[in-house]
Amino acid sequence: MTTILVTGGTGTLGRLVTEKLRADGHDVRVLSRRSEPYAVDLRKGGPALDAALAGAETVLHCASSPNGGDEKAAGHLIPAARRAGVGHLVYISIVGVDRVPLPYYRAKLAVERRIEESGLNWTVLRATQFHDLMATVLGALTAPPLALLPAALSDQPVEVSEVAARLAELALTIPSGRVPDMGGPEIRSVPSLARAYLDATDRKRRLLEVPLFGRTYGAFRAGGHLAPEQAVGKGTFEEYLARRFG
């Protein structure tokens with residue numbers, strides 16, 4: 001039995017990783033801001049973080065926020081993991097963090113670099129966006145009667161439970177550095193995904209593609225967030241929608 005600390009263990013991904021590891025008989029500690037007995041705000045660190053890490057052999061770092069703070073959190077977690085003698089730090093990142101100049105992606109890339117230079121044994125997995133996020137974005141875009149979609153964009157959503165299973169596997173193997181990316185099974189145009197979402201939610205909307213501008217949009221249009229050669233996911237967006245909406 002391995003003792004594993006999962007940061008962000010109550011989130012969409014962290015919860016599933018925790019369930020998988022516990023089902024396999026491992027001792028899993030869930031660290032989040034409000035989850036006792038390991039309630040820690042990684043952006044602040046402190047003695048509670050050291051206590052959570054004491055005796056942990058592996059840290060699976062799933063905590064993340066698009067609103068900022070990831071670099072500060074890593075700045076507390078990494079030295080605390082060194083002090084605790086953690087043998088393996090596993091980090092989940094995003095496909096395209098080195099190609100798309102989105103501030104959140106840049107922060108994730110900066111955390112990757114901190115981990116690489118930490119002196120710890122580490123593994124980093126990059127995945128494409130989850131089905132859940134795609135559904136949330138499409139829900140917002142298709143709220144008006146005329147849905148404005150970014151033109152000439154595609155995406156490659158992946159099933160979060162499959163990413164969780166891969167992370168659990170990586171946490172139990174030897175540190176592997178940067179492992180192959182994990183992408184969803186299909187690269188789909190945004191209008192195609194929007195139509196699938198509308199069908200699943202039994203709604204009708206007019207769809208209009210609108211060109212945007214800037215380096216970030218250009219990087220997305222160029223497919224910087226896609227992993228066409230690592231389309232290893234199995235679950236499709238339609239299968240996810242069927243489970244969620246019936």
Side-chain angles (χ1 to χ4, degrees), residues 1-66 69-70 72-94 108 111-112 114-116 118-127 130-133 158-180 182 232-235 243:
M1 182 175 69
T2 303
T3 300
I4 301 170
L5 176 71
V6 179
T7 73
T10 59
T12 300
L13 175 63
R15 176 177 52 81
L16 294 176
V17 173
T18 297
E19 291 173 358
K20 170 64 175 170
L21 289 168
R22 283 178 172 166
D24 290 342
H26 299 284
D27 175 23
V28 182
R29 302 174 185 175
V30 171
L31 186 148
S32 72
R33 283 179 290 171
R34 300 179 183 85
S35 180
E36 297 292 351
Y38 303 110
V40 177
D41 186 340
L42 281 175
R43 294 168 298 181
K44 299 177 180 178
L49 176 57
D50 290 315
L53 286 163
E57 300 160 72
T58 299
V59 172
L60 213 167
H61 187 25
C62 296
S64 186
S65 172
D70 279 15
K72 184 177 289 188
H76 290 128
L77 177 64
I78 290 169
R82 284 200 301 259
R83 290 193 298 271
V86 168
H88 188 187
L89 175 58
V90 182
Y91 182 55
I92 178 65
S93 189
I94 306 171
K108 298 287 282 188
V111 173
E112 285 188 17
R114 281 179 178 246
I115 291 171
E116 292 169 9
S118 67
L120 296 165
N121 297 313
W122 57 274
T123 300
V124 169
L125 170 67
R126 293 180 183 175
F130 302 152
H131 291 315
D132 309 64
L133 178 61
V158 67
E159 175 58 43
V160 64
S161 62
E162 295 179 21
V163 179
R166 176 64 173 143
L167 281 176
E169 176 186 41
L170 291 170
L172 299 172
T173 58
I174 62 171
S176 304
R178 170 88 185 280
V179 297
M182 184 171 185
V232 296
K234 302 298 183 186
R243 288 196 311 273

By side chain to side chain donor-acceptor pair (under 3.5 Å), which residues pair with [X], not counting sequence neighbours?
X	answer
Ser176	none
Glu162	none
Asp27	Thr3

What are the two closest non-hydrogen atoms of [X] and [Y], and how far apart are they?
X	Y	result
Gly233	Val158	CA-CG2, 4.5 Å
Ser64	Asp70	OG-OD2, 2.7 Å
Ala80	Asp50	CB-OD1, 3.7 Å
Ala56	Leu5	CB-CB, 4.4 Å
Val30	Tyr38	O-CB, 3.4 Å
Gly87	Pro175	O-CG, 4.1 Å

Exercise. Hey, mind stepping through Glu112 and Arg126 against salt bridge (Lys or Arg N to Asp or Glu O under 4.0 Å) and telling me if it holds?
Worked result: CA-CA 10 Å; Glu112 285 188 17; Arg126 293 180 183 175; 2.9 Å; yes
Seminar exercise, completed: With His88 as partner, the option from Thr173, Thr123, Thr58, Asn121 fulfilling side chain to side chain donor-acceptor pair (under 3.5 Å) is Thr123
Exercise. Any side-chain donor paired with an acceptor under 3.5 Å for Glu57 and Thr2?
Worked result: no
Exercise. So Arg29 and Val6, side chain to side chain contact (heavy atoms under 4.5 Å, CB included) or not? Walk me through it.
Worked result: CA-CA 6 Å; Arg29 302 174 185 175; Val6 179; over 6 Å; no
For this session: Evaluate the criterion side chain to side chain contact (heavy atoms under 4.5 Å, CB included) for residue pair Thr7 and Val59; output intermediate values, then yes/no.
Result: CA-CA 8 Å; Thr7 73; Val59 172; 4.3 Å; yes
Only pairs under 3.5 Å count here: list side-chain donor-acceptor contacts from residues 8-23, not counting sequence neighbours, and write none if there are none.
from: Thr18; atom 1: OG1; to: Gly14; atom 2: O; distance (Å): 2.9
from: Arg22; atom 1: NH2; to: Val28; atom 2: O; distance (Å): 2.9

Seminar exercise, completed: Residue pairs meeting ring-ring contact (aromatic ring centres under 6.0 Å, His included), one or both in residues 41-66, sequence neighbours left out, come to His61-Tyr91
Are the side chains of [X] and [Y] in touch, meaning some heavy atoms are under 4.5 Å apart?
X	Y	answer
Leu120	Ile78	yes
Ser118	Arg114	no
Leu125	Leu170	yes

What is the distance from atom [atom1] of [X] to atom [atom2] of [Y], rounded to the nearest 0.5 Å?
X	Y	atom1	atom2	answer
His76	Leu49	NE2	CG	8.5 Å
Cys62	Leu167	SG	CG	5.5 Å
Leu77	Arg43	CG	CZ	14.0 Å
Ser93	Arg178	OG	CZ	8.0 Å
Ser161	Lys234	OG	NZ	13.0 Å
Ser32	Asp41	OG	CG	10.0 Å

Exercise. Does Arg33 have any salt bridge (Lys or Arg N to Asp or Glu O under 4.0 Å) partners at least two apart in sequence or in another chain, and if so, which?
Worked result: none
